[in-house]
Amino acid sequence: MAATPLLEVRGINKSFGPVQVLRDVDFAIYPGEVTALVGDNGAGKSTLVKCIGGIHPIDSGEYYVEGQPVTVHSPRDAAQLGVEIVYQDLALCDNLDIVQNMFLGRERRNGLVLDEITMEQLATNTLASLSVRTVKSVRQLVASLSGGQRQTVAIAKAVLWNSRVVILDEPTAALGVAQTAQVLELVRRLADTGHAVVLISHNMNDVFAVSDRIAALYLGRMAAQVKATDVTHAQVVELITAGRSGDLGLAPTGAETVNGVQS
Amino acid sequence: MSNIVVTSEQPPVDAGQRPPAGLAAYARNYGARVRGGDMGALPALLGLVVLCVGFGIARPVFFSATNFANLFTQGAAVVAIAMGLVFVLLLGEIDLSAGFASGVCGAVLAVLLTEHHLPWYVAVLAALVTGVVIGTIIGLLVAKVGIPSFVVTLAGFLAFQGVLLLLVNNGTNISVTDPTIKAIDSDGQLPPAVSWVLLILTVVAFAAVRLTRRAGRIKRGLVAEPLSVIILRVGALAVIGGVAVYVLNLERSRNPAVVSLRGVPLVVLILAVIAVLWTFVLSRTAYGRHIYAVGGNREAARRAGINVDRIRISVFVIGSTMAAVGGIIAVSRANSVDPNTGGSNVLLYAVGAAVIGGTSLFGGKGRVIDAVLGGALMAVIENGMGLMGVSAGIKYAFTGAVLLLAAGVDALSRRRAAAAGLR
């Protein structure tokens, strides 16, 4: 790992009451790369992402951006650092159009009045820069868009804000074959434009199609973070289901009882 | 650092498939939207035309200048309340207390004027502040405590009825003689010349706003409204406004030699100004945008950093304040306050007006103009049925049927829109 990670967390612990969801998790994300975050249901993927996004406060652990330690207490802090999360349920308003959704909560204004023209132009340009050609007009209501188009709008919304880290929570889960391909293409382009992209997915085909690195969580611990070219399909599946695969992954036994906080 | 570079060389998203900018294409688009279930104010407009023609044929006096003026003064209070309700309905909430809130505010006005002999502007201000306070309380109970608005405002409905009774000393009738208050919706008329000047200014301003926007969009290379559509809109406003002002400027007095009665009722100007103000707030400000967002998807709005609670409280404040405006208008029209001011059907007519105009009960869809159109429809029904001399029973049943029809259109158009993917 030559380059400095754009964003890195070390030794993250997070409990909800008596349940420890994350144990000593290290996770690094690099600019220009797609890092797939995989793991079985309940492995802690969403919790890790929400900790990074400032939605859940972490119990202990460190948070670095470009090697500098930072503190993140709220989604606003994370947004300030250029971290944007695209949630699975997308959180778009059906009754608003694409431009209105992309600028929701951060509208451009001329004094008191909304600056619709600037917003429409910026939205158009952002979509164009992501080579999105599937939407007819940026003034379409989001309700009229297909699943893939909605995902596209949600992603475009995330990159509109000079974001450096874009985290996508299962962006292809509800999509058909063609739309999945479209969204994956978009994910790749995001990385190619210099973003650090995190892709949460259960679909190994998607993961291998676009990822540079793969990070596997197993029962709240980071089993391995490896280059996608260094592992096989089967190895990743083993990491997800058993936490180790050959030399990779967590130590066979005993390790699970160790519960210290790395500092 | 690695922000998306905005370059002008890149083709816009809709390059090549830009919607053709002609009038015909515009009409086709509109037709497709209507078929898809996004009917907007169309049912209300159609209903208005049908009912007007029907009543006009059955009772020619319906089209007389006097009756035309009556329509405005009769419907004004309900329209004012309905404009406030649009804000509440946009969040998918309801304000059942708006009717009696208007009564309470009207009673505050009357008591201050007649028993405390305060100047009219102090009394009006006090009535409006009463509305703000009522709205704040309802809003806090709904947004912060988490009681459903239906229950909070149902409680308000009962409680305000009681407050109104207390204010008017258990049933006495407080009459209001203040000339300024009476002018609002009883005997205040704009001089005919002033009406014409205001109308011309309005049309010119409307045209200027549309043309400037179009020019700005063309300059920045965006799809703009076709010129023909703008001309149509401006022309429609000029013709409708012109006919209305002309008719209202006709002599309405039975005996013009004794007292002349002509001109646009003052309340029309007041409501028009308020309607323009609220339309501006809803469609051109970030606050208005956030109201639609919270009404459309509260969770999305919250994640976008919008203070959802503040928006929810504020719409109840606007709702109750507009109820206060309605109360003031009602007091002016009746020249008095009694325990039934804002009671009986006022609330239901106001909700009906907003819904018939095209505001959705499910939240996220609606405009201020809906309240005006729906209110006009309600006024026409009330007035026309009155002229026909039908019994109150038939009138209520018919009004109820119309309201049900409007709510049905709303629900069905939502289904169609969902199928067509429009909303």
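In what follows, every chain begins at residue 1, and chains take the letters A, B, ... in the order their sequences are listed. Only heavy atoms go into these numbers, but all of them, side chains included; no hydrogens, no water, no symmetry mates. Model, not experiment: these values are computed from the prediction.
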*Name the member of Gly288(B), Ala300(B), Gly305(B) that forms the most heavy-atom pairs with chain A at distances under 4.5 Å.*
Ala300(B)
_Does any backbone or side-chain atom of Phe280(B) lie under 4.5 Å from a heavy atom of chain A? Answer side chain, backbone, both or neither._
side chain
*At a heavy-atom separation under 4.5 Å, does Thr118(A) approach chain B through its side chain, its backbone, both, or neither?*
both
*asked:* Hydrogens and angles aside, do Arg109(A) and Thr285(B) bring a side-chain donor and acceptor to less than 3.5 Å of each other?
replied: no
_Toward chain A, the part of Arg284(B) with a non-hydrogen atom under 4.5 Å_ = both
_Pair Arg220(B)-Glu116(A), salt bridge (charged side-chain N to carboxylate O under 4.0 Å, His left out): steps then yes or no_ = CA-CA 11 Å; Arg220(B) 306 275 283 271; Glu116(A) 297 282 358; over 6 Å; no
_Minimal non-hydrogen separation, Ala304(B) against Leu104(A), with atom names_ = CB-O, 3.5 Å
_So, taking the atom named CG in Asn297(B) and the one named CG in Asn95(A), what distance separates them when rounded to the nearest 0.5 Å?_
8.5 Å
*asked:* What's the separation between atom CD1 in Ile306(B) and atom CD in Glu107(A), rounded to the nearest 0.5 Å?
replied: 6.5 Å
_Distance in Å, Leu222(B) CG paired with Ser137(A) OG, rounded so as to fall on 0.5 Å steps_ = 10.0 Å
*asked:* Using a 4.5 angstrom heavy-atom cutoff, name the option from Glu299(B), Arg289(B), Arg302(B) with the most pairs to chain A.
replied: Arg289(B)
_Under a 4.5 Å cutoff for heavy-atom pairs, which residue among Arg213(B), Arg303(B), His290(B), Lys219(B) has the most contacts with chain A?_
Arg303(B)
*Lys/Arg N to Asp/Glu carboxylate O, Glu120(A) vs Arg217(B), below 4.0 Å*: yes
